[in-house]
Chemist: 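Structure below; questions to follow.
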2 protein chains.
Amino acid sequence: MLKITRKVEYALIALRHMQAKDPEGLTSAKEIATHYGIPKQLLAKTLQQMARDNIIQAVQGPTGGYRIRANLGKISLKDFFERLEGPLGMMDCFFESDCIQINACNIRVPIQRINDNMRDMFSKMTLMEVTQ
Amino acid sequence: MLKITRKVEYALIALRHMQAKDPEGLTSAKEIATHYGIPKQLLAKTLQQMARDNIIQAVQGPTGGYRIRANLGKISLKDFFERLEGPLGMMDCFFESDCIQINACNIRVPIQRINDNMRDMFSKMTLMEVTQ
DNA sequence: ATAAATACGATTAAAATTGTCGTATTTATT
DNA sequence: AATAAATACGACAATTTTAATCGTATTTAT
Ligand code: SF4
Ligand code: SF4
């Protein structure tokens with residue numbers, strides 16, 4: 001309940017690692033995976049996803065790797081979470097309309113309000129707060 | 001990711017239903033289950049759990065049911081969530097110590113800070129905000 | 001040519017959530 | 001006393017989501 005995914009954690013670990021290291025130089029998926037004990041393939045896919053989202057830049061070939069591309073102080077945690085995991089809502093009816101209870105539901109409005117609070121909170125935090 | 005459980009939703013629906021109705025009278029699990037299309041057994045177990053936690057009061061026998069016992073304005077959402085689902089943390093290391101990354105992890109402290117923010121937020125909201 | 005890296009869809013494995021079953025107990029009603 | 005309608009609750013099963021792996025292709029420095 002209310003947990004972030006491993007994928008997001010791995011992404012954050014990688015970003016912080018790259019930022020702490022030489023922000024200009026390249027870091028391979030292998031280096032991060034072995035250093036933190038993260039499954040390499042899974043981390044690689046996550047890094048690739050971040051590369052597609054222009055959060056990091058990928059360089060192929062041997063001596064290749066990734067480096068941070070975006071300004072981490074300008075990406076909110078909400079945006080980051082949503083880029084990696086899709087729409088951010090505490091309840092199904094926020095992004096799907098096939099909840100069986102949706103017609104009779106008596107908590108939809110109040111729960112939306114709470115969800116707004118949560119999204120607001122993550123909108124006000126940036127990636128930088130995690131990575132530095 | 002960051003979703004509340006169905007169990008919590010069902011509990012909230014039930015509480016709101018009971019509060020909107022006669023707060024003195026009894027409401028059966030069956031009534032709520034059929035009215036909102038919630039699996040009866042699952043709802044019953046959730047109501048029983050709330051009864052054990054003294055949030056509601058259970059009355060057995062035919063004509064039995066549940067009524068609200070606690071002051072919903074004095075129970076925070078954080079406490080409510082934790083009574084139903086256990087410790088509330090975005091990441092495993094908040095309540096378990098067997099995360100493989102825990103020693104090398106470079107985001108544990110910042111993620112704890114974010115988690116504190118989330119818990120704070122839910123600490124400042126009460127059940128009443130959902131049920132009324 | 002080789003090797004080391006990224007790229008990525010498909011598949012499998014594991015875990016968490018959600019729902020059901022079976023049985024016991026309580027108690028108002030008849 | 002018998003019945004029926006309700007709560008009580010542990011065990012189990014089904015479903016869904018998350019996590020991890022596999023296989024293959026592409027890029028590029030050496
Ligand atoms: S809030 Fe109500 S409608 Fe929305 S997902 Fe939950 S039960 Fe369904
Ligand atoms: S923050 Fe780090 S130590 Fe905590 S659960 Fe996530 S990976 Fe493990």
Chemist: Quickly work out the B:R67 CZ to D:dT7 C1' distance and round it to whole Å.
Modeler: 14 Å
Chemist: Residues from residues 28-53 of chain A sitting under 4.0 Å of DNA chain D, heavy atoms only?
Modeler: A:P39, A:Q41, A:L42, A:K45
Chemist: Find the distance A:F81:CZ to D:dT18:P and express it as a whole number of Å.
Modeler: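 It is 14 Å, rounded to the nearest whole Å.
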Chemist: Tell which nucleotide pairs with C:dG19, taking only Watson-Crick or G-U wobble pairs whose two distances are both under 3.5 angstrom.
Modeler: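 Its partner is D:dC12 (Watson-Crick or G-U wobble, both distances under 3.5 Å).
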Chemist: Taking CG from B:L26 and P from D:dA6, how many angstroms apart are they, rounded to a whole number?
Modeler: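 To the nearest whole Å, that distance equals 12 Å.
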Chemist: To the nearest angstrom, how far is B:L84 atom CG from C:dT17 atom P?
Modeler: 13 Å
Chemist: Quick check on DNA chain D: between A:E96 and B:P62, whose nearest nucleotide comes earlier from the 5' end?
Modeler: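 So the residue in question is B:P62.
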Chemist: Should the ring pair A:F81 and A:F122 be called parallel, tilted or perpendicular, given that the plane angle runs from 0 to 90° and is split at 30 and 60?
Modeler: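 If you compare the ring of A:F81 with that of A:F122, the planes turn out perpendicular.
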Chemist: With both distances under 3.5 Å as the test, what is the Watson-Crick or G-U wobble partner of D:dT30?
Modeler: C:dA1
Chemist: Whole-Å distance between D:dT16 P and A:D92 CG?
Modeler: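 In whole Å, D:dT16 P lies 11 Å from A:D92 CG.
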Chemist: Roughly, in whole Å, what's the span from CE in A:M91 to P in D:dT16?
Modeler: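 Between P of D:dT16 and CE of A:M91: 21 Å.
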Chemist: Just how far is it from atom CD1 of A:I102 to atom CE of A:M91, taken to the nearest 0.5 Å?
Modeler: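 Between atom CD1 of A:I102 and atom CE of A:M91 there are 9.5 Å.
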Chemist: Is the phosphate of C:dA7, meaning OP1 or OP2, less than 4.0 Å from a side-chain N or O of A:Y66?
Modeler: yes
Chemist: Expressed in angstrom and rounded to an integer, what is the separation of A:E9 atom CD from D:dT18 atom C1'?
Modeler: 13 Å
Chemist: Before accepting this row, confirm whether a basic side-chain N of the pair A:K3/B:D92 lies closer than 4.0 Å to the acidic partner's carboxylate O.
Modeler: yes
Chemist: With the threshold set at 4.0 Å, does a side-chain nitrogen-carboxylate oxygen contact exist between A:D120 and A:K78?
Modeler: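 No, this pair does not count.
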Chemist: Let me know, please, whether B:Q60 or B:K3 comes out on the 5' side of the other along DNA chain D by nearest nucleotide.
Modeler: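 By nearest-heavy-atom nucleotide position, the 5'-most residue is B:Q60.
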Chemist: With a 3.5 Å limit on both atom pairs, tell me what C:dT6 is paired to, counting Watson-Crick and G-U wobble, or say none.
Modeler: D:dA25
Chemist: Is the shortest side-chain N/O distance from B:Y10 to OP1 or OP2 of C:dG19 below 4.0 Å?
Modeler: yes
Chemist: Output the rounded distance in Å from CD1 (B:I4) to C1' (D:dT17).
Modeler: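 One finds 17 Å between C1' of D:dT17 and CD1 of B:I4, rounded.
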Chemist: Is the shortest distance from a Lys or Arg side-chain nitrogen in B:E9 or A:R108 to a carboxylate oxygen in the other one below 4.0 Å?
Modeler: no
Chemist: Quick one: on DNA chain C, does A:M1 or A:V59 contact a more 5' nucleotide (nearest heavy atom)?
Modeler: A:V59
Chemist: Could you check A:G61 against B:K7 and say which one's nearest nucleotide on DNA chain C is further toward the 5' end?
Modeler: A:G61
Chemist: Quick test of your reading of the model: are B:E31 and B:K40 salt-bridged, counting only N-O distances below 4.0 Å?
Modeler: no
Chemist: Pick one: which of B:M50, B:K21, B:Q19 meets side-chain contact (heavy atoms from CB on, under 4.5 Å) with B:I68?
Modeler: B:Q19
